[in-house]
Amino acid sequence: MSAKYKHRNYDWAKDGKSRLPGWNFLTFAKPRFKNVFVRFTEYEPVPGRRPLKRPRHPNTAREIWGLELAVRPRDLSALEKVFGGELSGDRARLGGLTLLLKPGRATRIAALVVKCGSLKRFSRAAKIASEIRWRGRRAELIRNPDRRMWDIVAID
């Protein structure tokens with residue numbers, strides 16, 4: 001599986017050569033999964049500029065905790081190549097992100113899992129009537145009406 005790394009600094013139109021803060025792209029010569037497009041980003045400090053404080057939002061969502069990934073059985077071996085080892089169980093780690101695996105008819109991101117400070121405040125801000133049980137824990141679910149897109153699951 002050949003991958004190509006490319007860096008584009010924020011000022012690439014004027015200076016495309018310098019290694020300045022910007023975007024990093026990792027592309028694969030042969031995409032492994034038809035419906036999953038991966039873009040890795042990282043925080044790069046800018047010399048002389050203080051980092052921004054994390055914004056506070058009324059729904060108390062504060063971080064992306066993980067992704068729920070639906071996986072076709074025939075795609076599992078290719079996914080193991082991406083992770084560099086056998087995937088056993090329904091969970092894997094990718095950097096600081098938790099991937100929750102579930103069987104699916106297509107390999108796709110099924111849900112974005114957001115960690116929040118208060119489910120009660122999240123449900124009030126998102127206008128959700130009742131909480132659900134999701135993978136054994138209290139959660140709120142925002143279902144996307146387009147089934148090709150992912151849902152949002154909020155946990156505390």
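What you are looking at is a predicted structure, and each value in this text was computed from that prediction instead of being measured.
- Within the model, atoms CZ of R121 and NE2 of H57 stand 11.0 Å from one another, a figure rounded to the nearest 0.5 Å.
- Residues meeting the side-chain contact (heavy atoms from CB on, under 4.5 Å) test with R138, sequence neighbours left out: L119, E131, R133, D156.
- Taking both residues in full, the closest heavy atoms of A70 and G104 are given as CB-CA, 4.1 Å, listed atom of the first, atom of the second, then distance.
- Summarising the local packing, CZ of R147 is surrounded by more than 12 heavy atoms from other residues, nucleotides or ligands at distances under 6.0 Å.
- Rounded to the nearest 0.5 Å, atoms CZ (R108) and CG (L69) are 9.5 Å apart.
- At least one donor-acceptor pair under 3.5 Å links the side chain of T107 to the backbone N or O of R72.
- In terms of heavy-atom proximity, L101 sits nearest to V71 at CD2-CG2, 4.1 Å.
- The hydrophobic cluster around L141 extends to W65, L100, V113, I132, W134, V153, I155, counting ILVMFWY residues whose side-chain heavy atoms fall within less than 4.5 Å of a member.
- Between A110 and K102 the shortest heavy-atom distance is CB-CE, 3.8 Å.
- The side-chain hydrogen bond (donor to acceptor under 3.5 Å, both in side chains) check on S118 picks up nothing, with sequence neighbours excluded.
- The heavy-atom pair separating C116 from A154 by the smallest distance is SG-CB, 4.2 Å.
- In this structure, the side chains of R62 and K115 come closer than 4.5 Å at one or more pairs of heavy atoms.
- By the side-chain hydrogen bond (donor to acceptor under 3.5 Å, both in side chains) test, R135 pairs with E68, D90, sequence neighbours left out.
- Between the D151 side chain and the N144 main chain, a donor and an acceptor come within less than 3.5 Å of each other.
- When the side-chain contact (heavy atoms from CB on, under 4.5 Å) test is applied to I64, the partners found at least two apart in sequence or on another chain are L97, L112.
- Within the 4.5 Å cutoff, the side chain of L99 has no heavy atoms near those of the R91 side chain.
- For A126, the side-chain contact (heavy atoms from CB on, under 4.5 Å) partners are F122, I128, I142, not counting sequence neighbours.
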